[in-house]
Amino acid sequence: MMFDDWLSRIAFDPLLPWLWVILLVGLATAAALFATATRLRSDFQRLLAALFLGLALSGPQLVSEDRRPLPDTVLILKDASDSMQLGDRSDVANEAEITLRQRLSADGPIDIVSVTIPPNADGTRVALALTDALASVPSGRLGGVIALTDGQAHDVSAATATVMPEGVPFHALIIGDPDARDRRISAVTAPKFGVVGELASFELRVDDPGHEGERAQIEVRLNGERKARFPITIGQTLSVPLEIERRGRNTIEMSVVPAETGELTLNNNLFIAEISGIRDRMRVLLITGEPHIGGRSWRNLLKSDPSIDLVQFTILTQPRVKNTNAGDLELSLIQFPRRQLFEERLDDFDLIIFDQYQRRDIPRQNGMREPTIPSRYFSNIARYVEDGGALLVAAGPAFASEDSLYLTPLVSVLPTRPTGQTTTEPFRAELNDKGRLHPITRSFAGRDDQTWGPWFRAIENDPLAGNVLMEGPDGTPLFIIDRVGEGRVAMLMSDQAWLWAKGYEGGGPYQEMFRRTAHWLLGEPDLDAETLSARAENEQLIVERRTLDSAPDTAQIILPDGTASEIVMTEVEAGYYTGAMPLGGLGAYRLSHGSLSTIAAVGMLNPIEYAELLPTVDVLAPLSDATGGTTRMIGLSMDYMPDVRRIKTGALTGRNWIGVRDNDAYTVTRSKRRPLAPPFAFFLAFFAALAWGWWREAK
């Protein structure tokens with residue numbers, strides 16, 4: 001080391017350009033090699049002359065410096081991710097940092113740089129924090145990196161070691177109780193899309209280290225409604241099929257019952273997935289009671305949507321006709337497949353529409369008569385609606401007569417009853433207060449309703465349930481919607497809507513209104529009037545509620561850490577309530593307001609930070625080994641806190657200590673040069689070597 005240090009103090013001040021120096025010394029060396037090849041006795045003297053010529057021409061100088069020692073730098077990475085906030089981990093990390101600073105400073109001056117690894121939606125980013133910190137620290141003075149963490153890092157790979165300067169160790173001190181318990185649920189397979197009405201399969205797994213093979217209870221909820229509760233074997237995968245209920249976003253919650261003994265957290269006892277429900281094709285059954293001009297309007301409306309498969313039947317026979325002794329086949333273009341439609345294939349349809357249908361009998365060849373659609377089939381349709389089907393009734397004058405659909409078993413799902421009267425004077429349909437709020441008709445509320453073209457007939461009725469969105473003369477309900485069981489029903493109490501489609505006196509929003517009605521009947525979430533949602537904005541959780549009625553003053557919320565709270569809801573405008581509260585961390589927020597409940601994700605669903613919470617040495621050990629450092633568990637008691645040593649050579653870790661490199665770094669405060677020898681002395685030596693060589697050759 002002393003010889004190397006002496007060489008580092010040599011500098012040169014050549015008398016000639018370096019190219020000439022190299023050329024002249026090269027010629028002298030070539031002469032010496034020629035002497036060796038021809039066996040001249042002066043080869044050594046010629047080489048010696050070439051050396052002295054080089055020294056004379058390069059001007060060697062001895063540099064003397066005044067040096068000021070520089071302290072080494074140690075980088076401390078302190079993990080402040082969400083997992084480090086569990087229990088006493090954060091407090092132990094603070095205490096460990098204080099201890100490290102004391103032990104590092106006890107061995108002389110040293111610069112200690114502390115860098116915090118912040119919470120991140122993508123997990124604990126140790127490699128990112130390390131790379132950013134190294135960019136601001138002089139690599140020649142870096143003595144080591146010490147990480148205070150629980151060992152759960154999500155961006156460390158084999159390539160991470162390459163960012164460390166050569167010879168600089170990475171030490172990791174793992175904080176946490178290795179014997180702690182943490183039960184968690186996760187999805188091995190979670191589909192992103194599913195066809196409405198079909199099954200989507202989820203593969204679940206519950207992990208609870210040290211308790212494999214035991215049984216745990218899990219609960220499955222779909223869109224806030226509990227679907228199942230059953231046991232699962234810890235450590236094994238279980239397939240759970242779920243039927244996709246609606247188009248658009250479906251929220252699946254899968255939770256595991258907490259362990260009897262204390263867990264680190266309950267945040268990872270809940271797995272949340274969102275699956276988009278799509279409709280492969282929508283099958284619609286349209287039954288028109290008799291040929292009329294509005295029937296084509298319904299057909300054109302439904303056929304304009306390429307995703308709809310339309311099956312239409314129009315009843316051609318007139319009611320109460322005399323017995324013609326003609327068979328059913330002779331009175332129809334095709335046979336009306338009642339049994340197939342209303343018994344065998346009923347559940348294949350997404351929507352059933354009765355357009356101006358009236359009860360009627362058809363004659364049989366034996367002289368008897370029977371209903372076109374028997375009562376048992378209407379009972380099937382009512383059951384179909386209650387089980388989740390959709391029904392649209394476009395009523396005509398027959399609805400107010402003895403041939404009304406209201407006098408069939410379908411009455412159990414109809415939201416209004418006829419009074420027996422029909423209005424035939426001109427009128428213009430208007431939206432009422434609920435119609436101005438409901439998503440089906442809300443976009444038309446800003447228009448002047450009186451510009452809509454007139455209708456000339458309305459079936460007077462008395463609503464029993466549901467919501468009236470549009471009214472006719474003297475407040476006669478024109479458009480009523482209702483939820484029945486799991487299904488939905490809409491009723492249009494006029495047969496004049498086709499005038500809008502034809503543009504009569506300006507027409508009206510026929511196509512858009514009834515297209516939205518069809519999609520509402522099919523369960524389109526964006527058209528629901530009763531909604532509850534939340535979003536993160538400017539470090540606040542903003543809660544929004546839309547309703548057709550009044551709503552409670554407060555909303556209940558469960559934060560990601562399991563604590564419960566309330567949010568005061570303020571009515572901003574009719575049917576629209578909002579509230580806000582400060583965010584309580586990343587994760588899932590469970591909200592309920594009145595009869596509605598929902599889940600809002602802040603950051604991301606199922607944060608990777610909570611996938612593994614137990615302290616571990618396995619993740620960071622490869623990085624430590626690659627740099628000559630160590631990864632060791634210090635627990636929560638600080639009993640295993642290692643000592644810190646400054647090391648110049650040799651191993652950088654021991655049984656109960658860790659080492660940081662002593663770089664002997666310095667800065668030069670003053671520098672002075674003096675010739676290694678007078679230049680003429682090297683020339684004298686050059687000529688003396690030449691003379692000696694000539695003497696040797698002459699002898």
Side-chain angles (χ1 to χ4, degrees), residues 288-290 292-295 297-298 301 353-358 391-401 403-406 410-411 413-482 488-518 520-521 529 548 574-575:
T288 303
E290 61 184 31
H292 69 104
I293 193 169
S297 297
W298 284 111
L301 172 66
I353 301 176
F354 281 102
D355 172 32
Q356 290 201 41
Y357 185 84
Q358 58 182 307
L391 174 66
L392 171 61
V393 176
F399 193 77
S401 70
D403 298 325
S404 175
L405 277 176
Y406 194 80
L410 207 58
V411 65
V413 297
L414 298 182
T416 188
R417 64 185 176 188
T419 63
Q421 302 297 318
T422 300
T423 299
T424 56
E425 62 185 30
F427 67 91
R428 296 182 186 270
E430 296 181 358
L431 299 179
N432 59 12
D433 291 340
K434 289 186 177 181
R436 295 177 185 276
L437 296 178
H438 201 286
I440 294 177
T441 51
R442 185 169 58 210
S443 62
F444 312 122
R447 307 176 186 178
D448 184 359
D449 297 341
Q450 298 303 314
T451 62
W452 292 348
W455 293 354
F456 298 91
R457 183 157 46 224
I459 313 304
E460 296 184 10
N461 61 97
D462 183 13
L464 302 174
N467 295 300
V468 178
L469 305 184
M470 195 162 63
E471 296 177 349
D474 300 325
T476 299
L478 276 184
F479 186 44
I480 308 103
I481 62 173
D482 189 22
R488 303 185 182 198
V489 178
M491 295 190 68
L492 179 64
M493 304 306 294
S494 174
D495 60 346
Q496 303 283 295
W498 62 271
L499 292 171
W500 280 359
K502 295 296 183 180
Y504 179 74
E505 291 191 13
Y510 176 86
Q511 184 166 357
E512 182 62 18
M513 179 179 293
F514 294 110
R515 183 190 66 82
R516 293 188 186 187
T517 300
W520 176 84
L521 288 166
L548 299 181

Do [X] and [Y] have side chains that approach each other closer than 4.5 Å (heavy atoms only, starting at C-beta)?
X: Asn432; Y: Met470; value: no
X: Ser297; Y: Tyr510; value: yes
X: Trp520; Y: Arg488; value: yes
X: Leu478; Y: Trp455; value: yes
X: Asn467; Y: Asp482; value: no
X: Arg428; Y: Glu505; value: yes
X: Arg436; Y: Thr441; value: no
X: Val489; Y: Leu521; value: no

If only atom types and distance count, is the side chain of [X] paired as donor or acceptor with the main-chain N or O of [Y] below 3.5 Å?
X: Thr422; Y: Ile459; value: no
X: Ser494; Y: Arg457; value: yes
X: Ser401; Y: Asp403; value: yes
X: Ser404; Y: Phe399; value: yes

Between Phe444 and Trp452, how do the two ring planes meet: parallel, tilted or perpendicular, split at 30° and 60°?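 Because their plane-to-plane angle is over 60°, the rings of Phe444 and Trp452 count as perpendicular.
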Are there more than 12 heavy atoms of other residues, nucleotides or ligands under 6.0 Å from atom CD of Glu460? yes
Compare every heavy atom of [Y] with every heavy atom of [X], then report the nearest pair and how far apart it is.
X: Pro477; Y: Asn461; value: O-ND2, 2.9 Å
X: Arg516; Y: Pro439; value: NH1-O, 3.2 Å
X: Met513; Y: Ile440; value: O-CG2, 4.0 Å
X: Ala490; Y: Ile481; value: CB-CG2, 3.9 Å
X: Gly575; Y: Leu437; value: CA-CD1, 4.2 Å
X: Pro473; Y: Glu425; value: CB-OE2, 4.2 Å

Can you measure from [atom1] ([X]) to [atom2] ([Y]) and round to the nearest 0.5 angstrom?
X: Ile480; Y: Lys434; atom1: CD1; atom2: NZ; result: 12.0 Å
X: Phe427; Y: Asp474; atom1: CZ; atom2: CG; result: 10.5 Å
X: Asp355; Y: Glu290; atom1: CG; atom2: CD; result: 9.0 Å
X: Asp433; Y: His438; atom1: CG; atom2: NE2; result: 14.5 Å
X: Glu471; Y: Thr476; atom1: CD; atom2: OG1; result: 8.5 Å
X: Leu414; Y: Tyr406; atom1: CG; atom2: OH; result: 7.5 Å

Check step by step if side-chain contact (heavy atoms from CB on, under 4.5 Å) holds for Leu492 and Phe514. CA-CA 10 Å; Leu492 179 64; Phe514 294 110; 3.7 Å; yes
Who passes side chain to side chain donor-acceptor pair (under 3.5 Å) against Gln356, sequence neighbours left out?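 Gln356 satisfies side chain to side chain donor-acceptor pair (under 3.5 Å) with His292 once adjacent residues are dropped.
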When the aromatic ring centroids of Trp498 and Trp298 are compared, is their separation below 6.0 Å?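 Not under 6.0 Å, so no.
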Show the numbers, then the answer: is there a side-chain contact (heavy atoms from CB on, under 4.5 Å) between Thr517 and Phe479? CA-CA 10 Å; Thr517 300; Phe479 186 44; 3.3 Å; yes
For Leu391 and Val413, run side-chain contact (heavy atoms from CB on, under 4.5 Å): C-alpha distance rounded to whole Å, both residues' side-chain angles, the deciding distance at 0.1 Å, then the answer. CA-CA 9 Å; Leu391 174 66; Val413 297; 4.2 Å; yes
